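Since we're looking at a predicted model, the values are computed, not measured. All chains are named by letter (A, B, ...) in the order of the sequence lines, taking the proteins before the strands, and each is independently numbered beginning at 1.
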Number of protein chains: 2
Amino acid sequence: MEPPAPSTDMPQDPPAPRRRPGGRTARVRALVHGAVREQLVAEGYDGLTVDAVAARSGVHRTTVYRRWRDVGGLLADVLDSAADDGWAPPDTGSLEGDLTALNEEVAAGLTEDPPIAMALIAASFRSPEAAEALRRFWDDRYRRCAPVVERAAARGELPGAATDDRALLVAATAPVYHRLALLRAPADPALPATAARTAALAAGAGAFAVPG
Amino acid sequence: MEPPAPSTDMPQDPPAPRRRPGGRTARVRALVHGAVREQLVAEGYDGLTVDAVAARSGVHRTTVYRRWRDVGGLLADVLDSAADDGWAPPDTGSLEGDLTALNEEVAAGLTEDPPIAMALIAASFRSPEAAEALRRFWDDRYRRCAPVVERAAARGELPGAATDDRALLVAATAPVYHRLALLRAPADPALPATAARTAALAAGAGAFAVPG
DNA sequence: ATCCTAATGCAACTGTTGTCGCATTTATGG
DNA sequence: CCATAAATGCGACAACAGTTGCATTAGGAT
């Protein structure tokens with residue numbers, strides 16, 4: 001009952017057309033990326049429509065719809081292309097200091113103008129692609145922050161054998177996200193430090209220790 | 001330079017037409033509210049459009065657009081009308097227990113089906129009215145939670161003269177919101193308890209004490 | 001050079017969103 | 001009961017989002 005073995009290629013499925021990411025395709029992508037950023041700066045998130053991006057980039061509407069599907073896809077692609085910067089967490093010499101500096105970066109990102117981060121969060125509620133890209137972004141960021149916890153452990157700031165670094169980082173940053181992204185309350189200059197102090201204090205008391 | 005005092009009414013602006021919230025208006029409002037809920041149950045948030053709600057309620061499209069403006073306005077009105085339930089925070093006998101129970105309610109609300117809470121959060125990024133309604137809702141909830149902190153203080157669980165109850169409550173609940181509403185990660189059954197324990201621990205160490 | 005076809009351009013089309021002017025209904029005050 | 005106008009119903013419309021079929025351009029392999 002075996003189908004005859006094909007001579008050179010998979011027979012049943014369309015044989016995966018050879019991609020062609022050369023000159024023009026890359027140029028179009030760069031044009032669209034630039035247009036997304038410019039459009040965000042010029043008109044804000046409400047003005048970020050596929051049509052506006054296409055018009056600004058000079059690329060045809062249909063092409064943008066075909067390659068990026070919707071605004072969420074556009075933002076996801078821009079975010080992915082910007083994710084491989086050499087970002088590293090701050091290193092101030094103490095856990096609380098590191099977390100405070102980290103929280104200040106988070107607060108700055110959430111309140112910057114144009115509101116790229118807020119635009120992406122908003123888009124993540126409408127586009128699965130944007131939600132996935134945002135999840136990847138945060139996962140990458142939290143992974144890069146692991147050294148903050150490792151350094152604290154090496155300094156003896158953390159009790160127990162091991163610490164759940166992700167839980168600690170989420171506990172430290174979550175209040176900032178909650179206030180700015182969900183409650184939409186005005187930025188509190190003291191919040192980054194107090195949230196960091198709270199998390200560092202709890203971590204010092206073993207709140208994030210793992211049994212292993 | 002004082003303008004002459006009007007005899008009976010404000011002269012310059014259109015004299016605030018007498019509202020007429022009587023029979024039909026109230027009936028229409030009830031019909032639309034019911035339709036919003038039914039539509040959410042039937043089609044989820046993606047299917048919650050003004051047209052769908054209008055069709056389901058039997059009220060004309062134009063009327064819904066005029067009175068509620070958009071989906072955010074619909075959800076905001078439904079939320080406001082449901083906000084005066086007699087909700088009270090849990091009372092388990094300890095700060096950590098209260099916060100754990102509270103966090104479990106938050107987690108249940110964010111993961112319930114139909115996803116009313118998530119729909120409102122999503123809408124709050126597109127509609128100022130929904131954002132304002134959500135802010136009012138959370139403000140009300142946090143205000144009602146003040147007794148949780150007061151009881152803990154009365155039991156001697158909190159050091160210092162006074163505690164910033166809002167900051168404590170935000171610190172306790174923020175990780176749950178962050179994971180479920182922003183990171184969109186699967187629900188972690190242990191998170192409500194660990195976040196509550198973390199916050200209670202930090203509170204016991206004086207992290208939320210206010211100088212006054 | 002030349003062939004193949006992926007990628008793009010183009011125009012027309014459908015369906016949805018939101019608005020506007022006007023007719024009709026019906027609270028509400030007298 | 002009557003008069004007024006707020007609230008709603010109704011249809012047409014403009015603007016936008018997104019799709020489809022086909023023509024054209026240009027990357028990449030031979």
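Atom-to-atom, CG of B:Leu31 to P of D:dT8 comes out at 11 Å; the value is rounded to the nearest Å. One atom, CZ of B:Arg66, and another, C1' of C:dA23, lie 12 Å apart when rounded to the nearest Å. Here the C1' atom of nucleotide D:dA26 and the NE2 atom of A:His60 are 18 Å apart, to the nearest Å. Nucleotide D:dT24 holds its P atom 14 Å from the CZ atom of A:Arg24, rounded to whole Å.
For the side-chain hydrogen bond (donor to acceptor under 3.5 Å, both in side chains) condition, the pairs that include at least one residue of residues 95-105 of chain A, sequence neighbours left out, are A:Trp87-A:Glu105, A:Thr92-A:Asp98, A:Asp98-A:Arg151. Pairs engaging residues 102-147 of chain B under the ring pair (Phe, Tyr, Trp, His ring centres under 6.0 Å) rule: A:Phe125-B:Phe125, A:His178-B:Trp138, B:Trp138-B:Tyr177 [sequence neighbours left out].
B:Asp139 pairs with exactly one of B:Arg143, B:Arg135, B:Arg141, B:Arg136 by the salt bridge (charged side-chain N to carboxylate O under 4.0 Å, His left out) rule, that one being B:Arg143.
For the pair B:Asp140 and B:Arg144, the salt-bridge criterion is met [side-chain N within less than 4.0 Å of a carboxylate O]. Salt-bridge formation is detected for the pair A:Arg29/A:Asp77: a Lys NZ or Arg NE/NH1/NH2 atom is positioned less than 4.0 Å from an Asp or Glu carboxylate oxygen.
You'll find the side chain of A:Arg197 reaches within 4.5 Å of the side chain of A:Thr194, heavy atoms only.
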Letter per nucleotide, 5' to 3', of nucleotides 13-19 of chain D [B base touched, S only sugar-phosphate touched, - untouched; heavy atoms, 4.0 Å]:
----SBB
